[in-house]
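This report refers to the structure that appears directly beneath it.
Letters go in sequence order (proteins before strands), and every chain restarts at 1.
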Amino acid sequence: MKSDTMNRNQIKQINDYLYEIPADASPGMKVPARIYASEKLIREMDTAVFTQIINVTTLPGITGPALCMPDAHSGYGFPIGGVAAIDPDSGIISPGGIGFDINCGVRLLSTSLTYNEVRPRIKELVDTLFRSIPSGVGSGGIVKLTDSQFDEAMVKGSKWALEHGFGTPSDCEFTEENGMIRGADPSAVSQRARERGAGQIGSLGSGNHYLEVQVARKGNIIDPATAAIFGINKDDQVMIMIHTGSRGFGHQVATDYLQLFASQQKRFGYALPDRELACAPFRSKEGQDYFSAMNCAINIAFLNRQLIIHKTREILHEMFGRTRGLTVNTVYDVCHNTAKLEKHTVNGKEKILLIHRKGATRAFPPGSRDIPESYRRTGQPVLVGGSMESGSCIMCGTESGSPGLYTTVHGSGRVMSRHEAKRHFNGRELQKRMESHGILIRTASFSGLAEEAGGAYKNMNDVVDSAEKAGLGKVVATLEPVGNIKG
DNA sequence: ATGTTC
């Protein structure tokens with residue numbers, strides 16, 4: 001049992017949407033911890049979040065404050081919604097700061113369809129998507145890759161899909177890292193991870209992973225000019241959002257290296273407050289191997305989402321191809337579980353830092369060279385998946401996000417554990433209730449559905465509002481769910 | 001999140 005030494009009155013309020021735990025609050029803290037949240041959200045946070053972010057401030061090489069986003073809740077080692085900048089020369093890389101589902105992320109598609117055109121066939125659409133896109137625990141993938149294909153896919157990510165006819169160049173253009181991150185080395189990946197991964201490419205998985213059919217209602221477009229640049233330009237436009245990651249592959253990579261790192265803590269000279277923070281010096285062989293394997297998992301997750309959207313596009317063309325000028329375009333694909341080398345200004349100095357983001361979304365500002373050219377004036381699209389009942393949100397990165405390492409929320413954030421949610425909600429009743437609210441839902445598991453009930457999550461509007469007021473991005477539009485394929 | 005405890 002971990003000791004919970006945190007005392008809420010150690011948290012100092014800096015302004016309405018920012019709190020700080022000073023570096024002298026607890027022994028071993030190298031930097032302060034900062035929590036971006038409204039008073040309501042910080043009150044609702046489990047104290048384990050504060051203990052965990054204090055633990056993060058003790059990590060070797062941490063530079064600038066450790067951060068929590070407004071949707072933070074406790075996770076393995078780091079909180080989900082936790083962000084840490086680590087000096088790559090003197091510091092560590094920690095799988096617990098990235099998450100088991102490496103490159104869990106969100107892809108948003110815009111279609112040229114309006115809801116009026118889709119509504120008469122929504123049941124058929126949702127049924128076809130559910131039948132065609134594998135979902136649920138242990139599900140197989142849309143394609144099964146051979147060993148040599150998988151080796152190539154780990155390096156090429158979404159580019160592999162493009163080369164094999166599963167996508168368009170603009171899918172890659174509008175994906176973070178163009179769907180192919182550098183530094184992926186398959187030799188750092190275990191045979192077991194390969195075996196788990198090769199059969200799962202193009203599958204949703206379980207838990208909070210889903211494919212959602214959404215409608216952009218005119219009244220929910222907050223910033224029409226930016227929304228138009230993101231491809232939302234008609235009333236009641238149909239959008240598709242996908243939330244999934246690297247499946248069993250990333251999970252195995254994380255497990256392999258957590259075990260290795262845990263066995264080496266003494267040798268590395270680390271005595272961390274929580275064994276779940278097991279890490280390696282970034283510049284060590286072990287650290288570099290994990291970084292290489294993690295980059296493979298980042299690419300596999302990009303490829304996974306790419307195959308799912310390609311299948312979705314095919315289905316939309318089969319069903320609605322007679323609609324004049326049908327288009328299905330990637331608006332953006334963004335990660336929320338990664339560690340990436342980025343240039344940031346901390347304490348007035350520019351430096352390359354290893355940014356761990358766990359359940360936290362990159363939100364680069366206007367002018368950034370690392371976002372598609374057509375978004376340089378708006379800032380990077382940020383895709384925030386709400387709970388399946390509350391809808392989702394599109395934000396964009398802003399210059400005011402600099403103190404927050406250009407990072408923002410990733411979703412609503414749980415308030416109820418999965419176990420607790422299953423006691424509170426019944427999956428079949430929930431499905432009926434949602435259908436009565438105009439949300440058609442298909443699921444591989446009704447107990448899994450109950451775990452994802454809207455009531456198990458924080459209010460998405462609270463979370464997004466706090467992020468915006470804290471300067472961590474701007475709201476562009478909210479999207480209303482009408483159909484959901486849930487793992 | 002996860003072949004949901006190799």
Exercise for review: Using whole Å, report how far CZ of A:Arg192 lies from P of B:dC6.
Suggested key: 8 Å
Exercise for review: Measure the distance from NE2 on A:His251 to P on B:dT5 and round it to the nearest whole Å.
Suggested key: 9 Å
Review point. Side chains of A:His243 and A:His336: is there a donor and an acceptor less than 3.5 Å apart?
Key: yes
Check your understanding: How many Å lie between CZ on A:Phe100 and P on B:dT5, as a whole number?
Key -> 12 Å
Exercise for review: Would you kindly give the CD-to-P distance between A:Glu276 and B:dT2, to the nearest whole Å?
Suggested key: 18 Å
Check your understanding: Within the structure shown, what part of the strands sits under 4.0 Å from A:Gly207 by heavy-atom distance: base, sugar-phosphate, or nothing?
Key -> sugar-phosphate
Practice item. Check every strand shown and say whether A:Glu451 touches a base, only sugar-phosphate, or nothing at a heavy-atom separation below 4.0 Å. Key: nothing
Point to revise | Between P of B:dT2 and CG of A:Leu204, the distance in whole Å | key: 10 Å
Practice item. For A:His419 and B:dT5, give me the distance from atom NE2 to atom C1', rounded to whole Å. Key: 16 Å
Review point. Does A:Ser206 place a side-chain N or O at less than 4.0 Å from the phosphate oxygens OP1/OP2 of B:dT4?
Key: no
**Study point:** Nearest-nucleotide comparison on DNA chain B, the residue closer to the 5′ end among A:Gln259 and A:Gln252
**Key:** A:Gln252
Review point. Just to confirm, is there a sub-4.0 Å distance from OP1 or OP2 of B:dT2 to any side-chain nitrogen or oxygen of A:Arg247?
Key: yes
Check your understanding: ring-ring contact (aromatic ring centres under 6.0 Å, His included) with A:Tyr36: which residues, sequence neighbours excluded?
Key -> none
Check your understanding: Excluding sequence neighbours, so at least two apart, what forms ring-ring contact (aromatic ring centres under 6.0 Å, His included) with A:Phe150?
Key -> A:Phe249
**Study point:** Donor-acceptor side-chain pairing of A:His310 and A:Glu314 below 3.5 angstrom
**Key:** yes
Point to revise | Spacing between A:Asn103 atom CG and B:dT2 atom C1', to the nearest angstrom | key: 16 Å
Practice item. Nearest whole angstrom, please: distance from the C1' of B:dT2 to the CD1 of A:Ile102. Key: 12 Å
